[in-house]
Each structure stands twice: as C-alpha cells, then as structure tokens.
Number of protein chains: 2
Amino acid sequence: MAIRPAEQLIHKAAWLYYAHGLRQDQVASQLNISRASVAMYLRKARETGIVNISTSTQLFTDDVLARKLEDALKLDAVWIAPGNDHIADPSMEIAVLAASVFLELVKKGDRIGVAWGRTVYTIADIMSYADLQDVTVVQLCGNLGAPYSYRPDQCTMEIARRLNAKGLNFYAPLVLSTEELARALRAEPVIREQLSGIGECDLALYSVGAVDADSHLVKCGALTPDEMAELRSRGAAGVIAGQIIDADGKLLDCSYNRRVISAELSSLRAIDRRLMVVQEDSKFEPLLAAIAGGLCTHLVVGARMAQRLLDHAGAAASEKAS
Amino acid sequence: MAIRPAEQLIHKAAWLYYAHGLRQDQVASQLNISRASVAMYLRKARETGIVNISTSTQLFTDDVLARKLEDALKLDAVWIAPGNDHIADPSMEIAVLAASVFLELVKKGDRIGVAWGRTVYTIADIMSYADLQDVTVVQLCGNLGAPYSYRPDQCTMEIARRLNAKGLNFYAPLVLSTEELARALRAEPVIREQLSGIGECDLALYSVGAVDADSHLVKCGALTPDEMAELRSRGAAGVIAGQIIDADGKLLDCSYNRRVISAELSSLRAIDRRLMVVQEDSKFEPLLAAIAGGLCTHLVVGARMAQRLLDHAGAAASEKAS
DNA sequence: CGCTCGGTTTGACTTTTGTCGAAGGCCGTG
DNA sequence: CACGGCCTTCGACAAAAGTCAAACCGAGCG
C-alpha cells in the first residue's frame, strides 16, 4: 500500500515543523512537496498521535477546593472543573478535563482497565490521539448488548484506538440469567484469565452509575425498574463496572451481582491509580459510596459536586467529633 | 507581583485553545481580552511548558540500522539522526533529536544526572520547555571555571530551568591540584552527599569527550596538551563526566583521575537509563570506550557514526569467530 | 503632584496556515 | 487497454495567527 512512504513523510514533516520549528513552506521545500501537502500531513500527524499537544492540568488541581478534598477524602489527586464558566457545557468541560488528566496519568507500558458508561464514552470520544504502542487497554466488565453506542467493548476499543494501544475485549455478557451460568462462565479459562489480568492493571478509568430507573442497567434491560427500586431499598447506592455497591462501597449481596461477569472490587482496588470521573451532580450518593469503598484514588468532578463532597466530609467529621 | 493573575489567564487561555480547540478570537471573547493578548499568552504557555508539544521520535528508532545497533551493542534503544538530509546542520539535527528523546525519557518524579560539554549544552539550549515540578536535575561532576558558557553548573541549571525542575549544583571544582585535596574534599559531607546521590538518579544525560588537544579539559586548563598526549599514550580513550577512561571503559589509573571530583563510574552505571549523545564523527573511539564500559543504555548518534559502530561490531564479531 | 519605568493591552498590519475544488497519478478490474 | 475509484498534490483563496508600535495603567519616586 501507498501508505508506508506517506507515514515517513508525515513523520518527517512533523519533525521538521514541530521539533525544528520550521515554517510549513520551509518544510515543503525541504521535502519537495507543496505547502498544502505539508499542512495536510501535519493534521494527520496530530490525528495519529505522532505529535502530542497536551496542556498541563495543574490549574485544576491547584484549586484550594481540590486540595481540601484530597485531604478530606484521602485521595491522591483531585481535579475540579470550574462550574460556572460562561456558556460552555459543564459536563463537557469535565470530560475534556478528564481526558487530559487520563492522558497525563498514562505511562509507557501501562495496562489500563476501562469500564463503561456515557461518561467514559464521552471521554474516549473527545480524547486526543497519542502514540503509545506498548500500552494495553482492557475491558473491566462483560458486554451489554445495548441499543447504545457506548457498549463496554466500544469504550475499550475507542480508547485503545486513540492511544494506538492494544485493546483487550471481554467476550462475555455482563449479566446472565442464572447465577449458575455466571459461575460456570467465570470458571472458563478465557474469562478467568481476563478477570485475573485486571488486578495487574496500572490504571483504571471509570465512572459510577446511579441506582435509578435511568440507569443503563435498566435501559439495557439487565434489570427492570422495579428490581432496581427493590435493590435500592435494600441498600444499593451505586454501580461500578456493572456491579451494585452499597453505601460503604461493598458489593451488595444480591442475585443480580452474582449473575454479573465483571472485575471484582478487590481487583479494582489492587490497581495503583484509579481515576474516577463523575459528570452529573445527581451522582452524589453513588460517588460517596465509591469513595467509601476505596474505589478511587484520582477524582475528576465539577465544582458543585466538589463543594458538596467537601461539605459532606466536613459534616461527617464534626458529627463524629460531637 | 502582577504575575499571579496572568498565570491564571495563561493557563485558562491555553486550556481553552489547546484542550477545547477554540480559536484565538473565541478564547479572547470568553476571557474578555483582545485576540492579540491571547496570542501572547499562548506563546508564554508554550514557553513555560504549560502546554507541551512533542513529536514522537519513533521514526529514528525504526531505522533498521538502529535496530541492528541495539542488538550488536546490547543497548536498550538507539536513535539515529539521518546524516545527509539536505542542507541542515547535521550536528544540530542530532541535538534536536537528543532533546526530544531526552524529554521522552524523563518521567515524573525522576532524578536526572547531567554532565557537561558542548553537546549537552547545545541540547539544553534547544530543548523545549516542560512542566515537571517534581523532577530534580543534579550535576554529575565538579565545576570548571571555564571561559566557556557551558560550564557544568550551567548545563545543569539550564536543563532544570527548561523542565521547571529543581537544579542541584555541585559546588566543587572538577579538578584539584593535588590528590590529597581531592580526597579531603570528597570526604566533605556536602560533597559526599551529592556524590552518593548520583547513584539514585533515574536518568543520566551525557556525551563523551575525545582525548586530544581540543578537549575542554585542555581548553579550560585542567590538563596541558602534553599531559593529554601522555595520557593518550598510556591508553586514555575518552572522557566521561570529566574523567578519563581507557578503551575498555574503565577509569584510567592516573594522577589526573585521582584529582577529579565527579560521579564514580559505578554510580553512573547504577543509573537506569543512561542517555549518551555523540555529535562529532571524530568521537568514534571515545564512544566505543564508553559503550565498552557499559556507560550508556540509550544512544543518539548520526547516521555515519551509526554505520561505523555497526561495521566495527560486525568486524569484531567475525574476528572473534575466526 | 507629575514624572518615569516596567509591564500589559490593544488595534492595525503582515505572515502563516487551513481548506477547497480541480488536476494528476496509481492500481485493480472489466 | 481503457475505466473508475482512491489517494495525493497543487494553486488560489479565506481564515487564523503572529507581530509591532503605540496607548495605557499602576507603582514608585523626586
């Protein structure tokens, strides 16, 4: 194919332009091609991650609020997307920030676990490209034959594609109809291997789901609204990688959880850096549960959520003191 | 000072422009400033490393020659700057490449050892800025009160400045007039500490010097041309961090070496990643000596030098076989 | 109080870059 | 061998970014 020489050219053009600081016309004459071609090559270079443009997310951790939250919640790092800021869609802002933070956290040779949800997919969608050939992206939970475009495998694959990394999908349904079958499937070598590989991840990216009728679990038919309500009344507080957790961040003892094929919470906790991103203000309780369960070490949230978390932590502390 | 609010603005402008992909005029209207200001802020952002633009150096390792060299010399990675390439100054090309490679090798939290020389200073000079607050750059050898602008401490400081990192200088002369004094100085707590800290570096950056009258050691008056010639006849093959090594890469047993305050070769070898950069074709033997001594794991050279190294390795191998 | 100094900010101008339709080349296919 | 699809390249134009001198602002000082 005619792509090989182009690859070379793209690389060379990017090199001369970005590393040497030549102008496009200078690059063009060096390479004996037209300036327009250079412009095109450079776009490709940016799109394929041959050149990386990243902006420090320092600003968002520098926030006093972020520092306080890190202390109060014992997290390694917190990033806060300023809420008000003019017109821009606030949830998008969080996603853009999360994508930057994510790219900043990825290191060469990493194995990255990715869960699924609208948040994760949004992040994948706006994430810029990078060139990390020795990175592996693994799917943290089984698949959901969803009507949505953000199925678990798609989240994984899209992120792998952006990173030029290897994607490792999980070829099992997220939920099975009987506990029996789930157990049997989990015992399958392929699945077993995938599941045990999760603990070896260096970085995880996920969000937390709410326990309500709007949950994907309901929308995808894994649970009925009634079942969801019942789980809620039994203490369900959030959804992590397709599993239901209670307010302490522990796996809820229920049939549903036993029918799920997903990363065990203990495997998740074994991952060094666990980046949790929460866009919706409504996910306050689920997020508290996830934090209580030690499921996140790095957190990206909006300003309002950050304030609520801090208020809550403060209230809990003073309550304890009294 | 009025810099603080500007810092914020620079950050915000960079964020909106690079992360969100807005145009400069859009950023300007969001921030209620003129587009010209935005342009200025963005330049500052690039200059201070708030935004990072890096191009993959993949191309230069992909070279078959580079692969062969890695095998032949048992190095972790080799980058080859294409020699002929049109008009551009070939030694500059090597420096630009080396700077990119260096930035690619630096990780957060690293401690970096830097030696000195024209090569290192050239690299420092063209290196782009980055924002690595938790990095420390340490000087690998004592200072030379040189007529040059690239004194050891300046190399260290300049690199630290570019990286926004901490610079740790070495407040001792490189060469003393008596072995006695050198020994005493090395025993000083401050110096001792600095020297022992070298083994804890994660990354080293240096070049290798030639043993001839053009050497900095001669130009700076540390050695006379005659002394140099004598050392050469006694087996001196190269200069590493101010110390003379023989063709096997071992420290040459001579008075000069005993009068030097610098990183011990064993400390250097204890560093994980040792990036050696050689610009001049004339440094073939010194480079061979450094490689023989295991003083480099990562190598950046020009195409001609690469070819010579490979030829040499091939010849040595066939000689051995016969 | 008015002055200068260092800096930021601005509008106007220039240069550089992005983009588009058209043209050219290459390859597999009919 | 001609044809059509696909990609690269080109020239020209429009949009965006860079630059510069002049205006502005606030702080410190005589």
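- Checked by atom type, the side-chain pair R151(A)/Y121(A) shows no donor-acceptor distance below 3.5 Å.
- Side-chain N/O atoms of Q26(B) include none lying less than 4.0 angstrom from OP1 or OP2 on dA16(D).
- Residue R35(A) places no side-chain atom within donor-acceptor reach of the base of dG11(D), judged by atom type and a 3.5 Å distance cut-off alone.
- Regarding contacts with the backbone of dA17(D), a side-chain N or O of Y17(B) is found under 4.0 angstrom from either OP1 or OP2.
- Residues V51(A) and A14(A) approach most closely at CG1-CB, 3.6 Å, considering heavy atoms.
- Within 3.5 Å, no donor on the side chain of R23(A) pairs with an acceptor on the base of dG18(D), nor the reverse.
- For the pair L31(B) CG and dT9(C) P, the computed distance is 11 Å after rounding to whole Å.
- Between the side chain of D153(B) and the main chain of Q139(B), no donor-acceptor pair closer than 3.5 Å is present.
- Ranking dT17(C), dT9(C), dT19(C) by closeness to the M40(B) side chain, first place goes to dT9(C).
- Atom CG in L42(B) sits about 18 Å away from atom P in dT16(C), given to the nearest Å.
- What separates CD of Q24(A) from P of dT9(D) is a distance of 15 Å, to the nearest Å.
- Residue A36(A) places its side chain closer to dT19(C) than to any other of dT19(C), dG18(D), dG11(C).
- If you check dG18(C), dT10(C), dC10(D) against the side chain of I33(B), the one that comes closest is dT10(C).
- Under 4.0 angstrom from either OP1 or OP2 of dA17(D) there lies no side-chain N or O belonging to R46(B).
- In terms of heavy atoms, A130(A) sits closest to N52(A) at CA-OD1, 3.8 Å.
- In this model, the phosphate group of dT8(C) is not approached by any side-chain N or O of Y41(B) to a distance below 4.0 Å at OP1 or OP2.
- From N32(A), atom CG reaches atom OG of S37(A) across 11.5 Å, with rounding to the nearest 0.5 Å.
- Residue S37(B) has its side chain nearest to dT9(C) when only dT9(C), dT9(D), dG18(D) are considered.
- OP1 or OP2 of dC7(D) has not a single side-chain nitrogen or oxygen of K44(A) nearer than 4.0 Å.
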